[in-house]
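We use all heavy atoms of the structure for the numbers below, so side chains are in, but hydrogens, waters and symmetry mates are not. Lettering follows sequence order; numbering is per chain, from 1.
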Number of protein chains: 2
Amino acid sequence: MEEDKFVCSEICPHFNKINNVKSLEPKSEEYQKLSNMFKLFSDETRLRIICSLLKEELCVCDLCELLGLNQSQVSHQLQLLRNSKLVKFRREGKQIFYSLDDEHVELIIQMALNHILEEEKKNGRM
Amino acid sequence: MEEDKFVCSEICPHFNKINNVKSLEPKSEEYQKLSNMFKLFSDETRLRIICSLLKEELCVCDLCELLGLNQSQVSHQLQLLRNSKLVKFRREGKQIFYSLDDEHVELIIQMALNHILEEEKKNGRM
DNA sequence: TTTTCATATGAGTATTCGTTCATATGATTG
DNA sequence: CAATCATATGAACGAATACTCATATGAAAA
(Lines give C-alpha, C1' and ligand atoms only; values in the text may rest on other atoms or scores of the structure.)
Protein backbone atom coordinates (compact mmCIF):
# COMPACT_ATOMS: atom_id res chain seq x y z
CA MET A 1 0.00 0.00 0.00
CA GLU A 2 2.62 2.48 1.06
CA GLU A 3 5.05 1.47 -1.71
CA ASP A 4 2.84 2.56 -4.56
CA LYS A 5 1.63 5.70 -2.89
CA PHE A 6 3.50 7.68 -5.49
CA VAL A 7 3.42 11.39 -5.97
CA CYS A 8 3.69 12.45 -9.57
CA SER A 9 7.25 13.76 -9.46
CA GLU A 10 7.50 17.47 -8.83
CA ILE A 11 4.78 18.80 -11.07
CA CYS A 12 1.71 17.50 -9.51
CA PRO A 13 1.36 17.66 -5.76
CA HIS A 14 -0.51 20.87 -5.24
CA PHE A 15 0.33 20.94 -1.59
CA ASN A 16 -1.44 24.18 -0.88
CA LYS A 17 -4.66 22.74 -2.25
CA ILE A 18 -4.14 19.48 -0.44
CA ASN A 19 -3.57 21.17 2.87
CA ASN A 20 -6.55 23.38 2.36
CA VAL A 21 -8.80 20.40 1.74
CA LYS A 22 -7.31 18.50 4.66
CA SER A 23 -8.16 21.28 7.04
CA LEU A 24 -11.79 21.46 5.94
CA GLU A 25 -12.89 17.88 5.54
CA PRO A 26 -14.88 15.81 8.04
CA LYS A 27 -12.99 13.59 10.45
CA SER A 28 -12.49 9.97 9.48
CA GLU A 29 -14.93 8.71 12.08
CA GLU A 30 -17.56 10.97 10.56
CA TYR A 31 -16.84 9.66 7.09
CA GLN A 32 -17.60 6.19 8.30
CA LYS A 33 -20.89 7.23 9.86
CA LEU A 34 -21.82 9.21 6.77
CA SER A 35 -21.16 6.34 4.42
CA ASN A 36 -23.06 3.97 6.69
CA MET A 37 -26.01 6.29 6.58
CA PHE A 38 -25.94 6.58 2.80
CA LYS A 39 -25.60 2.82 2.57
CA LEU A 40 -29.04 2.54 4.12
CA PHE A 41 -30.46 4.66 1.33
CA SER A 42 -28.52 2.92 -1.39
CA ASP A 43 -30.66 -0.16 -1.71
CA GLU A 44 -33.81 0.37 -3.69
CA THR A 45 -35.94 -1.90 -1.54
CA ARG A 46 -34.82 -0.17 1.61
CA LEU A 47 -35.28 3.24 0.06
CA ARG A 48 -38.84 2.42 -0.90
CA ILE A 49 -39.53 1.27 2.64
CA ILE A 50 -38.08 4.48 4.02
CA CYS A 51 -40.06 6.64 1.62
CA SER A 52 -43.27 4.81 2.47
CA LEU A 53 -42.69 5.40 6.16
CA LEU A 54 -42.09 9.08 5.47
CA LYS A 55 -45.80 9.54 4.95
CA GLU A 56 -47.48 7.04 7.21
CA GLU A 57 -46.89 4.70 10.08
CA LEU A 58 -47.25 1.23 8.57
CA CYS A 59 -47.15 -2.37 9.73
CA VAL A 60 -44.90 -4.97 8.15
CA CYS A 61 -47.76 -6.44 6.22
CA ASP A 62 -48.74 -3.06 4.78
CA LEU A 63 -45.20 -2.69 3.49
CA CYS A 64 -45.30 -6.14 1.90
CA GLU A 65 -48.55 -5.32 0.20
CA LEU A 66 -47.50 -1.85 -0.84
CA LEU A 67 -44.14 -2.81 -2.25
CA GLY A 68 -44.91 -6.31 -3.50
CA LEU A 69 -42.20 -7.88 -1.34
CA ASN A 70 -42.24 -10.97 0.82
CA GLN A 71 -42.34 -10.69 4.56
CA SER A 72 -38.85 -11.95 5.19
CA GLN A 73 -37.35 -9.40 2.86
CA VAL A 74 -39.17 -6.55 4.56
CA SER A 75 -38.34 -7.71 8.08
CA HIS A 76 -34.66 -8.10 7.28
CA GLN A 77 -34.45 -4.61 5.89
CA LEU A 78 -36.41 -3.20 8.80
CA GLN A 79 -33.91 -4.80 11.11
CA LEU A 80 -31.10 -2.84 9.47
CA LEU A 81 -33.07 0.38 9.76
CA ARG A 82 -33.84 -0.40 13.40
CA ASN A 83 -30.20 -1.09 14.19
CA SER A 84 -29.29 2.30 12.81
CA LYS A 85 -32.03 3.99 14.79
CA LEU A 86 -33.63 5.29 11.63
CA VAL A 87 -37.02 3.80 12.44
CA LYS A 88 -38.98 3.25 15.60
CA PHE A 89 -41.76 0.75 16.16
CA ARG A 90 -44.60 -0.06 18.49
CA ARG A 91 -46.50 -3.27 19.04
CA GLU A 92 -50.28 -3.37 18.76
CA GLY A 93 -51.52 -6.86 19.35
CA LYS A 94 -49.91 -9.14 16.82
CA GLN A 95 -48.88 -6.37 14.53
CA ILE A 96 -45.86 -4.11 14.72
CA PHE A 97 -46.09 -0.61 13.38
CA TYR A 98 -43.02 1.12 12.04
CA SER A 99 -42.39 4.80 11.54
CA LEU A 100 -39.41 7.01 10.86
CA ASP A 101 -37.44 8.23 13.83
CA ASP A 102 -35.50 11.02 12.20
CA GLU A 103 -36.19 14.51 11.01
CA HIS A 104 -33.30 14.73 8.57
CA VAL A 105 -34.23 11.78 6.41
CA GLU A 106 -36.97 13.60 4.58
CA LEU A 107 -34.73 16.55 3.83
CA ILE A 108 -31.92 14.40 2.54
CA ILE A 109 -34.19 12.44 0.24
CA GLN A 110 -35.90 15.60 -0.93
CA MET A 111 -32.54 17.15 -1.86
CA ALA A 112 -31.54 14.06 -3.77
CA LEU A 113 -34.89 13.99 -5.52
CA ASN A 114 -34.46 17.62 -6.53
CA HIS A 115 -31.18 16.63 -8.06
CA ILE A 116 -32.73 13.77 -10.00
CA LEU A 117 -35.60 15.87 -11.27
CA GLU A 118 -33.34 18.71 -12.37
CA GLU A 119 -31.09 16.24 -14.11
CA GLU A 120 -34.09 14.86 -15.97
CA LYS A 121 -35.19 18.32 -16.98
CA LYS A 122 -31.70 19.16 -18.19
CA ASN A 123 -31.46 16.03 -20.31
CA GLY A 124 -34.97 16.46 -21.63
CA ARG A 125 -34.06 19.83 -23.12
CA MET A 126 -30.90 18.82 -24.95
CA MET B 1 -42.72 -14.26 -5.65
CA GLU B 2 -46.38 -13.67 -6.21
CA GLU B 3 -47.44 -16.78 -4.26
CA ASP B 4 -46.10 -15.62 -0.92
CA LYS B 5 -47.27 -12.05 -1.32
CA PHE B 6 -49.69 -12.63 1.49
CA VAL B 7 -51.92 -10.07 3.08
CA CYS B 8 -52.48 -10.61 6.77
CA SER B 9 -56.08 -11.75 6.57
CA GLU B 10 -58.63 -9.02 7.15
CA ILE B 11 -57.11 -7.12 10.01
CA CYS B 12 -54.03 -5.73 8.57
CA PRO B 13 -54.20 -4.20 5.14
CA HIS B 14 -54.76 -0.58 5.90
CA PHE B 15 -55.79 0.15 2.38
CA ASN B 16 -56.49 3.80 2.96
CA LYS B 17 -52.96 4.27 4.26
CA ILE B 18 -51.52 2.19 1.46
CA ASN B 19 -53.33 4.15 -1.20
CA ASN B 20 -52.30 7.40 0.39
CA VAL B 21 -48.66 6.40 0.34
CA LYS B 22 -48.94 5.07 -3.19
CA SER B 23 -50.20 8.39 -4.45
CA LEU B 24 -47.38 10.35 -2.86
CA GLU B 25 -44.30 8.28 -3.43
CA PRO B 26 -41.71 8.77 -6.19
CA LYS B 27 -42.09 6.76 -9.37
CA SER B 28 -40.15 3.53 -9.63
CA GLU B 29 -37.74 4.94 -12.16
CA GLU B 30 -36.95 7.71 -9.71
CA TYR B 31 -36.35 5.22 -6.93
CA GLN B 32 -33.73 3.57 -9.05
CA LYS B 33 -31.99 6.85 -9.76
CA LEU B 34 -32.19 7.86 -6.13
CA SER B 35 -30.68 4.65 -4.88
CA ASN B 36 -27.97 4.84 -7.52
CA MET B 37 -27.11 8.29 -6.34
CA PHE B 38 -26.96 7.26 -2.69
CA LYS B 39 -24.87 4.26 -3.70
CA LEU B 40 -22.21 6.66 -4.88
CA PHE B 41 -22.08 8.21 -1.42
CA SER B 42 -22.18 4.91 0.38
CA ASP B 43 -18.57 3.92 -0.07
CA GLU B 44 -16.18 5.65 2.30
CA THR B 45 -13.43 6.00 -0.27
CA ARG B 46 -15.75 7.53 -2.81
CA LEU B 47 -17.28 9.80 -0.22
CA ARG B 48 -13.86 11.11 0.75
CA ILE B 49 -13.10 11.79 -2.88
CA ILE B 50 -16.37 13.64 -3.29
CA CYS B 51 -15.83 15.71 -0.17
CA SER B 52 -12.32 16.60 -1.27
CA LEU B 53 -13.63 17.80 -4.61
CA LEU B 54 -16.24 19.89 -2.82
CA LYS B 55 -13.55 22.33 -1.85
CA GLU B 56 -11.02 22.26 -4.63
CA GLU B 57 -10.44 21.10 -8.15
CA LEU B 58 -7.85 18.36 -7.84
CA CYS B 59 -5.89 16.05 -10.11
CA VAL B 60 -5.86 12.29 -9.66
CA CYS B 61 -2.46 12.41 -8.08
CA ASP B 62 -3.56 15.00 -5.54
CA LEU B 63 -6.36 12.70 -4.50
CA CYS B 64 -3.98 9.77 -4.13
CA GLU B 65 -1.70 11.85 -1.97
CA LEU B 66 -4.49 13.39 0.04
CA LEU B 67 -6.33 10.18 0.79
CA GLY B 68 -3.44 7.74 0.87
CA LEU B 69 -4.89 5.61 -1.92
CA ASN B 70 -3.28 4.08 -4.97
CA GLN B 71 -3.86 5.51 -8.41
CA SER B 72 -5.93 2.63 -9.71
CA GLN B 73 -8.34 2.81 -6.82
CA VAL B 74 -8.87 6.52 -7.30
CA SER B 75 -9.30 6.25 -11.07
CA HIS B 76 -11.83 3.45 -10.78
CA GLN B 77 -13.92 5.43 -8.33
CA LEU B 78 -13.65 8.55 -10.45
CA GLN B 79 -14.95 6.54 -13.36
CA LEU B 80 -18.10 5.73 -11.43
CA LEU B 81 -18.56 9.37 -10.49
CA ARG B 82 -17.99 10.40 -14.09
CA ASN B 83 -20.53 7.89 -15.40
CA SER B 84 -23.12 9.38 -13.09
CA LYS B 85 -22.23 12.90 -14.16
CA LEU B 86 -21.36 13.84 -10.61
CA VAL B 87 -17.92 15.11 -11.54
CA LYS B 88 -16.50 16.90 -14.53
CA PHE B 89 -12.88 16.98 -15.63
CA ARG B 90 -10.49 18.87 -17.83
CA ARG B 91 -7.15 17.87 -19.24
CA GLU B 92 -4.09 20.04 -18.66
CA GLY B 93 -1.07 18.46 -20.26
CA LYS B 94 -0.59 15.05 -18.78
CA GLN B 95 -2.78 15.71 -15.81
CA ILE B 96 -6.52 15.54 -15.50
CA PHE B 97 -8.29 17.79 -13.07
CA TYR B 98 -11.56 16.75 -11.51
CA SER B 99 -14.22 18.86 -9.91
CA LEU B 100 -17.78 18.42 -8.79
CA ASP B 101 -20.47 19.00 -11.37
CA ASP B 102 -23.45 19.33 -9.10
CA GLU B 103 -24.87 21.90 -6.77
CA HIS B 104 -26.95 19.49 -4.70
CA VAL B 105 -24.15 17.27 -3.54
CA GLU B 106 -22.89 19.68 -0.94
CA LEU B 107 -26.36 20.19 0.48
CA ILE B 108 -27.06 16.49 0.69
CA ILE B 109 -23.82 15.76 2.48
CA GLN B 110 -24.31 18.71 4.78
CA MET B 111 -27.77 17.45 5.78
CA ALA B 112 -26.43 14.01 6.46
CA LEU B 113 -23.59 15.47 8.47
CA ASN B 114 -26.05 17.49 10.53
CA HIS B 115 -27.83 14.25 11.25
CA ILE B 116 -24.64 12.51 12.35
CA LEU B 117 -23.58 15.39 14.58
CA GLU B 118 -26.96 15.68 16.24
CA GLU B 119 -26.99 11.95 16.81
CA GLU B 120 -23.60 12.21 18.48
CA LYS B 121 -24.77 15.05 20.68
CA LYS B 122 -27.87 13.10 21.66
CA ASN B 123 -25.88 10.02 22.60
CA GLY B 124 -23.27 12.05 24.40
CA ARG B 125 -25.88 13.40 26.78
CA MET B 126 -27.47 10.11 27.79
C1' DT C 1 -53.02 -24.70 26.44
C1' DT C 2 -53.09 -25.60 21.68
C1' DT C 3 -53.48 -23.23 17.40
C1' DT C 4 -53.10 -19.38 14.56
C1' DC C 5 -51.37 -15.18 13.05
C1' DA C 6 -47.85 -11.34 12.40
C1' DT C 7 -43.28 -10.76 12.64
C1' DA C 8 -38.26 -11.93 13.54
C1' DT C 9 -34.20 -14.38 12.71
C1' DG C 10 -30.50 -17.77 11.22
C1' DA C 11 -28.17 -20.25 7.60
C1' DG C 12 -27.13 -20.81 2.86
C1' DT C 13 -26.65 -19.02 -1.63
C1' DA C 14 -26.12 -15.81 -5.32
C1' DT C 15 -24.86 -11.47 -6.66
C1' DT C 16 -22.86 -7.02 -6.28
C1' DC C 17 -18.98 -4.30 -5.46
C1' DG C 18 -14.21 -2.72 -4.13
C1' DT C 19 -9.50 -3.69 -4.55
C1' DT C 20 -5.39 -5.27 -6.82
C1' DC C 21 -2.41 -6.34 -10.58
C1' DA C 22 -1.21 -5.92 -15.17
C1' DT C 23 -1.55 -3.41 -19.13
C1' DA C 24 -3.33 0.31 -22.27
C1' DT C 25 -3.76 5.15 -23.67
C1' DG C 26 -2.51 9.57 -24.75
C1' DA C 27 0.14 13.61 -23.94
C1' DT C 28 4.87 15.37 -23.31
C1' DT C 29 9.86 15.40 -23.52
C1' DG C 30 14.28 14.16 -25.26
C1' DC D 1 9.83 8.34 -32.77
C1' DA D 2 11.29 6.32 -28.37
C1' DA D 3 10.81 7.00 -23.56
C1' DT D 4 8.40 8.77 -19.74
C1' DC D 5 4.71 10.40 -17.07
C1' DA D 6 -0.26 10.82 -15.51
C1' DT D 7 -4.21 8.48 -15.92
C1' DA D 8 -7.58 4.83 -17.59
C1' DT D 9 -9.15 0.29 -17.97
C1' DG D 10 -9.86 -4.90 -17.96
C1' DA D 11 -9.73 -9.20 -15.52
C1' DA D 12 -9.52 -11.77 -11.32
C1' DC D 13 -10.23 -12.30 -6.65
C1' DG D 14 -12.33 -11.56 -2.18
C1' DA D 15 -15.49 -9.35 0.83
C1' DA D 16 -19.87 -7.55 1.68
C1' DT D 17 -24.65 -7.80 1.14
C1' DA D 18 -29.51 -8.99 -0.43
C1' DC D 19 -32.52 -12.64 -1.05
C1' DT D 20 -34.69 -17.19 -0.03
C1' DC D 21 -36.09 -20.89 2.78
C1' DA D 22 -36.88 -22.78 7.07
C1' DT D 23 -37.80 -22.05 11.62
C1' DA D 24 -38.45 -19.32 16.00
C1' DT D 25 -41.00 -16.01 18.84
C1' DG D 26 -44.63 -13.92 21.06
C1' DA D 27 -49.29 -12.26 21.20
C1' DA D 28 -54.17 -13.42 20.59
C1' DA D 29 -57.94 -16.52 19.84
C1' DA D 30 -60.16 -20.89 20.10
_Need one value for A/Phe89: base, sugar-phosphate or nothing, where a base atom within 4.0 Å counts as base even if backbone is also close, heavy atoms only._
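No contact at all - A/Phe89 keeps every heavy atom at 4.0 Å or more from the nucleic acid.
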base_contact_polar ([N] base, [X] side chain, donor-acceptor, <3.5 Å):
X       : N      : result
B/His76 : C/dT20 : yes
B/Gln71 : D/dA6  : no
A/Ser72 : D/dC19 : no

A/Leu78 CG to C/dA8 C1', in whole Å, measures 10 Å
From CD of B/Gln77 across to C1' of D/dA8 the rounded distance in Å is 14 Å
Close side-chain approach of B/Gln95 and B/Val60, heavy atoms under 4.5 Å:
no
The reported gap from NE2 in A/His104 to CG in A/Leu86 (rounded to nearest 0.5 angstrom) is 11.5 Å
Ring pair (Phe, Tyr, Trp, His ring centres under 6.0 Å) pairs touching residues 62-85 of chain B, sequence neighbours excluded, are none
B/Tyr98 side chain to B/Arg82 side chain, donor-acceptor N/O pair below 3.5 angstrom: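 Checked: B/Tyr98/B/Arg82 side chains pair up, N/O donor to acceptor below 3.5 Å.
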Review point. Partners of B/Asn20 by side chain to side chain contact (heavy atoms under 4.5 Å, CB included), sequence neighbours excluded?
Key: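 Residues passing side chain to side chain contact (heavy atoms under 4.5 Å, CB included) with B/Asn20: A/Glu56, B/Ser23, B/Leu24.
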Practice task
Name every residue in residues 37-47 of chain B that has at least one heavy atom under 4.0 Å from any atom of DNA chain D, in order of residue number, or write none if there are no such residues.
Solution key: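 Output list: empty, so none.
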